[in-house]
Amino acid sequence: MSERILEVEDLAVSIPVSAGLLRPVQGISLHVDRGETLCIVGESGCGKSLTSLAIMDLLPKKAKRTANHIRLAGEELGDAGERVMSDIRGNRMSMIFQEPMTSLNPAYTVGNQLAEALKRHKNVSDAEARDRAIYLLEKVGITAAASRLGQYPHQLSGGLRQRVMIAMALMCGPDLIIADEPTTALDVTIQAQILHLLAELQREFDMGLVLITHDLGVVARIADRVSVMYAGQIVEAGSAEQIFTSPAHPYTRGLLECIPVPGKTRPGERLGAIPGIVPSLIGDMPGCHFASRCPLAHGACNTAQVALQDASDSGHAYRCVLPASETGTVDFKGAA
């Protein structure tokens with residue numbers, strides 16, 4: 001059995017705003033095993049990035065995080081203080097942010113920033129830190145790695161900066177990497193290279209990987225398991241094969257109908273469209289969060305407490321009051 005690297009149970013985030021209490025993350029539970037890739041997918045604003053920041057304990061000061069458990073390789077982090085978390089972040093658990101230009105310090109060279117994390121967490125010399133930095137820059141596909149150490153972030157392209165961020169995340173050999181939409185700011189060709197690189201490095205270093213994205217094409221290429229988020233909740237979770245071949249939640253089906261499928265979608269064929277808008281996450285939200293946009297919604301959807309339930313396959317769960325056999329009848333192409 002694979003070692004469980006990350007286990008999160010009933011994670012919630014609340015932020016006081018002028019209109020009330022914003023609840024962007026509500027009851028998130030997930031896990032990642034060593035060597036496994038979990039993709040968290042959903043549209044912008046569904047709570048994906050805040051979930052990752054909550055796990056890393058990097059939330060804004062006004063935000064409040066609660067959880068039954070947040071465990072890293074069996075160690076409870078839910079009530080860990082800042083001193084403990086600062087020893088863990090960048091060491092046993094690393095994060096690759098969406099925009100490398102705002103994550104790298106423009107006043108320091110690439111070499112200084114790579115060495116900083118290793119020297120902070122490990123008892124190494126300057127020469128050892130430099131050697132490790134060169135080794136990892138070469139691993140992530142950067143040529144003339146030694147000469148890059150003296151360069152500043154603005155002297156590198158977007159693709160190279162993201163490769164530097166990946167190398168930085170690997171400096172201390174972490175058990176877990178969280179990648180928050182790491183290819184969003186890159187062109188399509190570089191996106192494919194970065195995804196391939198992440199997959200190769202994960203296998204080589206035997207890490208757990210949480211990849212946050214809104215791109216289902218990315219998910220199909222890299223995921224072992226998928227958690228689909230909508231309005232602060234996980235509405236469906238399962239293996240990549242289960243999600244793509246037998247989606248059980250109407251929202252997941254809507255997402256899949258919105259994208260063309262090579263070899264199946266004919267030129268000029270109408271794609272699906274999910275009607276309506278995402279509900280406000282301020283205050284309490286009784287019932288199903290997707291009810292206002294779902295063609296199958298009925299009275300119970302607006303009042304019942306909707307919990308994750310098992311679909312027909314092992315490990316496949318979805319959040320709906322209807323059985324999976326009925327959710328399969330939903331059609332979003334007629335809404336386009």
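Being a predicted model, the structure only gives us computed values, none of them experimental.
At a cut-off of 3.5 Å, with distance as the only test, no side-chain donor of Asp10 or Ser29 sits close to an acceptor on the other residue. Under 3.5 Å, the side chains of Thr37 and Gln202 contain a donor-acceptor pair of N or O atoms. Using modelled atom types, one finds no donor on one side chain facing an acceptor on the other under 3.5 Å when comparing Glu181 with Thr213.
Annotation for Glu43: atom CD counts as buried by contact number, over 12 foreign heavy atoms lying within 6.0 Å.
Tyr230 pairs in a side chain to side chain contact (heavy atoms under 4.5 Å, CB included) with only one of the listed residues (Pro250, Cys288, Pro279), which is Pro279.
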Would you please test His298 and Leu322 for side-chain contact (heavy atoms from CB on, under 4.5 Å) and show each step? CA-CA 10 Å; His298 58 284; Leu322 297 174; 3.6 Å; yes
Go through the steps for Glu7 and His69 under the test side-chain hydrogen bond (donor to acceptor under 3.5 Å, both in side chains), then give the verdict. CA-CA 7 Å; Glu7 186 175 9; His69 297 293; over 6 Å; no
Step by step, would you call Gln151 with Leu156 a side-chain contact (heavy atoms from CB on, under 4.5 Å)? CA-CA 8 Å; Gln151 293 184 319; Leu156 305 178; 3.1 Å; yes
Please walk me through it: do Ser125 and Lys119 pass side-chain contact (heavy atoms from CB on, under 4.5 Å)? CA-CA 8 Å; Ser125 66; Lys119 293 172 69 175; over 6 Å; no
Worked check of side-chain contact (heavy atoms from CB on, under 4.5 Å) between Gln113 and Leu104: CA-CA 8 Å; Gln113 295 182 67; Leu104 294 169; 3.8 Å; yes
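Rounding to the nearest 0.5 Å gives a distance of 4.5 Å between CD1 of Ile212 and CG of Asp180. Atom-to-atom distance recorded for Glu257:CD and Leu271:CG is 9.5 Å, nearest 0.5 angstrom. Note that the CD1 atom of Ile166 and the CG atom of Leu198 stand 4.5 Å from one another [nearest 0.5 Å]. Separation of atoms OG1 (Thr51) and CZ (Arg65) is listed at 12.0 Å; rounding is to 0.5 Å. How far CG of Asp33 is from CG of Asp224: 9.5 Å, rounded to the nearest 0.5 Å. The distance from atom OG of Ser52 to atom CD of Gln98, rounded to the nearest 0.5 Å, is 10.0 Å.
The main-chain N or O of Met171 is found under 3.5 Å from a side-chain atom of Arg132 such that the two form a donor-acceptor pair. At distances below 3.5 Å, not a single donor-acceptor pair connects side-chain atoms of Arg34 with backbone N or O atoms of Gly208. The closest donor-acceptor contact from the side chain of Gln193 to the backbone of Ile190 lies at 3.5 Å or more, if one exists at all. Using modelled atom types, no side-chain atom of Gln309 and backbone atom of Arg319 make a donor-acceptor pair closer than 3.5 Å. Remark: the backbone N or O of Ala169 is paired with a side-chain donor or acceptor of Ser94 at under 3.5 angstrom. For the pair Gln233 (side chain) and Val235 (backbone), a donor-acceptor distance under 3.5 Å is absent. Listed for the Gln26 side chain is no donor-acceptor partner under 3.5 Å among the backbone atoms of Ala12. Here the side chain of Arg71 pairs no donor or acceptor atom with the backbone of Glu76 at under 3.5 angstrom. At least one donor-acceptor pair under 3.5 Å links the side chain of Lys48 to the backbone N or O of Gly42. Put simply, the side chain of Arg23 never gets that close to the backbone of Asp284: no donor and acceptor are under 3.5 Å apart.
A continuous path of Ile, Leu, Val, Met, Phe, Trp and Tyr side chains, each step under 4.5 Å between heavy atoms, connects Ile40 with Leu58, placing both in one hydrophobic cluster. Taking hydrophobic clusters as Ile, Leu, Val, Met, Phe, Trp and Tyr residues chained together by side-chain heavy-atom distances below 4.5 Å, Leu296 does not share a cluster with Leu308. Note on Tyr318 and Met229: separate hydrophobic clusters, where clusters join Ile, Leu, Val, Met, Phe, Trp and Tyr whose side-chain heavy atoms are under 4.5 Å apart, directly or indirectly. Residues Leu281 and Val17 share a hydrophobic cluster, clusters being chains of Ile/Leu/Val/Met/Phe/Trp/Tyr side chains in contact below 4.5 Å. Note: the hydrophobic cluster containing Ile142 does not contain Tyr108 (ILVMFWY, side chain heavy atoms under 4.5 Å, direct or indirect links).
Met56 is listed as a side-chain neighbour of Ile178, based on a closest heavy-atom distance under 4.5 Å. Residues Cys258 and Leu255 form no side-chain contact, since every pair of their non-hydrogen atoms from C-beta on lies 4.5 Å or further apart. Proximity of Val41 to Thr252: side-chain heavy atoms (C-beta onward) are nowhere separated by under 4.5 Å. Side chains of His31 and Leu6 form no contact here, defined as non-hydrogen atoms less than 4.5 Å apart. Put simply, the side chain of Leu30 reaches to within 4.5 Å of the side chain of Leu38, judged on heavy atoms. The side-chain heavy atoms of Val140 and Leu197, taken from C-beta on, include a pair separated by under 4.5 Å. Residues His154 and Arg161 form no side-chain contact, since every pair of their non-hydrogen atoms from C-beta on lies 4.5 Å or further apart.
Contact check on Asp87 versus Arg120 returns a salt bridge, with a Lys/Arg side-chain nitrogen under 4.0 Å from an Asp/Glu carboxylate oxygen. A salt bridge between Glu75 and Arg4 is absent, with no side-chain N of the basic residue lying under 4.0 Å from a carboxylate O of the acidic one. Ion pairing of Glu82 with Arg89 is present here, as a side-chain N (NZ or NE/NH1/NH2) and a carboxylate O approach within less than 4.0 Å. The pair Lys139-Glu204 meets the salt-bridge criterion, since a charged nitrogen lies less than 4.0 angstrom from a carboxylate oxygen. Taking a cutoff of 4.0 Å between a charged side-chain nitrogen and a carboxylate oxygen, Glu36 and Arg225 qualify as a salt bridge.
The heavy-atom pair separating Ser239 from Gln242 by the smallest distance is N-OE1, 2.9 Å. Taking both residues in full, the closest heavy atoms of Leu137 and Ala167 are given as CD2-CB, 4.0 Å, listed atom of the first, atom of the second, then distance. Minimum heavy-atom separation, Glu128 to Leu118: O-CD2, 4.5 Å. Ala67 and Ile70 get closest at one heavy-atom pair: CB-CG1, 3.8 Å. Taking each heavy atom of Ala63 and Ile15 in turn, the nearest pair found is CB-CG1, 3.7 Å. Between Ala117 and Cys172, the closest heavy-atom pair is O-SG, 3.7 Å.
Applying the ring-ring contact (aromatic ring centres under 6.0 Å, His included) test to His289 and every residue at least two apart in sequence or in another chain returns nothing.
The aromatic rings of Tyr251 and His249 stand perpendicular to each other, their planes meeting at an angle above 60°, with 30° marking the opposite boundary.
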